[in-house]
Amino acid sequence: MADLSPTDPAPVERILAAIRAIPPGQVAGYGHVARRAGLPGRARMVARVLRENSDANLPWHRVLRSDGRIAFPPGSKGFREQSQRLRAEGVDVRAGRVRIAESVPDLDGDLDAALWRPR
DNA sequence: AGGATGACGGGAG
DNA sequence: ACTCCCGCCATCC
């Protein structure tokens with residue numbers, strides 16, 4: 001198994017994979033993504049990976065704070081961009097927040113974590 | 001080495 | 001619901 005030092009790209013790849021695994025119309029928290037990537041407690045690492053990300057195909061907009069709020073400062077470029085992208089998927093965004101229901105069992109089955117379904 | 005920073009999380013008041 | 005505070009981790013100064 002690869003070593004878990006910051007120089008090891010594996011953790012980053014797992015984080016990206018976890019984000020790509022979020023189905024359209026659903027969302028997940030930073031901490032959630034971290035756990036699914038096998039990195040419990042590394043929510044801030046997920047944030048860093050997103051900040052550094054250059055992949056235009058990555059569904060970064062589906063990642064929210066644990067309380068359902070968009071992580072960008074209200075009114076900022078990223079804030080508006082994320083709101084727009086989420087609404088484009090039918091997600092109801094009010095005042096920078098997504099109303100989320102209880103976690104839903106993952107459909108794939110090989111992931112014990114659950115995603116959030118917007119309410 | 002030590003303190004500040006950030007697309008975070010959670011608890012307390 | 002909102003603010004404040006502290007824990008957490010990788011980076012940067």
Side-chain angles (χ1 to χ4, degrees):
Chain A
M1 193 49 159
D3 132 74
L4 293 180
S5 68
T7 54
D8 181 14
V12 176
E13 289 307 317
R14 290 202 301 275
I15 289 174
L16 292 174
I19 296 173
R20 284 190 265 261
I22 307 172
Q26 285 188 232
V27 292
Y30 289 84
H32 240 149
V33 171
R35 276 188 302 135
R36 284 188 55 169
L39 303 165
R42 275 80 169 171
R44 307 198 92 139
M45 185 184 215
V46 174
R48 184 178 68 78
V49 169
L50 280 176
R51 181 168 55 82
E52 303 290 321
N53 173 66
S54 57
D55 182 3
N57 290 37
L58 189 72
W60 57 269
H61 56 283
R62 296 178 195 145
V63 185
L64 306 169
R65 283 199 167 186
S66 63
D67 57 5
R69 291 250 297 122
I70 286 178
F72 289 109
S76 66
K77 181 76 188 323
F79 180 92
R80 292 192 300 274
E81 171 81 7
Q82 187 163 13
S83 302
Q84 179 184 335
R85 282 179 177 241
L86 285 172
R87 291 189 181 117
E89 295 187 348
V91 177
D92 181 26
V93 184
R94 303 183 189 182
R97 178 190 304 166
V98 171
R99 284 289 201 64
I100 56 179
E102 283 302 303
S103 53
V104 199
D106 191 274
L107 302 175
D108 290 17
D110 63 343
L111 298 168
D112 51 23
L115 296 177
W116 287 337
R117 179 186 38 167
R119 182 155 41 127

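Predicted, not measured: the structure shown is a model, and the values here were computed from it. Just so it is clear: chains get the letters A, B, ... in the order the sequence lines come, proteins before strands, and each one is counted from 1.
Rounded to whole Å, the distance from CD on Gln82(A) to P on dC8(B) is 11 Å. Note: CZ (Phe72(A)) to P (dG6(B)) measures 14 Å, nearest angstrom. Note: CZ (Arg85(A)) to P (dA7(B)) measures 18 Å, nearest angstrom. If you measure from atom CH2 of Trp116(A) to atom C1' of dG9(B), you get 10 Å, rounded to the nearest angstrom. Taking atom CZ of Arg51(A) as the reference point, atom P of dT5(B) lies 14 Å away to the nearest angstrom. Rounded to whole Å, the distance from CG on Leu50(A) to P on dA7(B) is 11 Å. Atom P of nucleotide dA7(B) and atom CD1 of Ile19(A) are separated by 14 Å, given to the nearest angstrom. dA10(C) atom P lies 10 Å from atom CD1 of Ile15(A), rounded to whole Å.
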Show me the protein contacts with nucleotides 6-9 of chain C, counting only N or O atoms at under 3.5 Å.
{"residue": "dC8(C)", "atom": "N3", "partner": "Arg44(A)", "partner atom": "NH1", "Å": "3.4"}

Is there any protein nitrogen or oxygen under 3.5 Å from a nitrogen or oxygen in nucleotides 10-13 of chain B, and what are the pairs?
{"residue": "dG10(B)", "atom": "OP2", "partner": "Ser66(A)", "partner atom": "OG", "Å": "3.4"}

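With contacts defined as side-chain heavy-atom distances shorter than 4.5 Å, the pair Pro23(A)/Arg117(A) does not qualify. Within the 4.5 Å cutoff, no side-chain heavy atoms of Arg62(A) are placed close to those of Gln26(A). At a threshold of 4.5 Å between non-hydrogen side-chain atoms, the residues Ile15(A) and Leu39(A) count as touching. Using a 4.5 Å cut-off on side-chain heavy atoms (C-beta onward), Asp55(A) and Arg20(A) make contact. Within the 4.5 Å cutoff, the side chain of Ile70(A) has no heavy atoms near those of the Arg97(A) side chain. Contact annotation: the side chain of Trp60(A) approaches that of Arg85(A) to within less than 4.5 Å [non-hydrogen atoms, C-beta and beyond]. Side-chain contact between Leu50(A) and Ile19(A) is present, with heavy atoms from C-beta onward closer than 4.5 Å.
For Arg48(A), whose side chain is taken as the heavy atoms from C-beta onward, the closest listed nucleotide among dG9(B), dA7(B), dT11(C) is dT11(C).
Contacts of Gly78(A) with the nucleic acid, taken as non-hydrogen atoms under 4.0 Å apart, are absent. Across all strands, Arg97(A) comes closer than 4.0 Å only to sugar-phosphate atoms, never to a base (heavy-atom distances).
Atom CG in Asn53(A) sits 6.0 Å away from atom CG in Leu16(A) (nearest 0.5 Å).
For the side-chain contact (heavy atoms from CB on, under 4.5 Å) with His61(A), the lone residue among Ile22(A), Leu86(A), Val27(A) that qualifies is Leu86(A).
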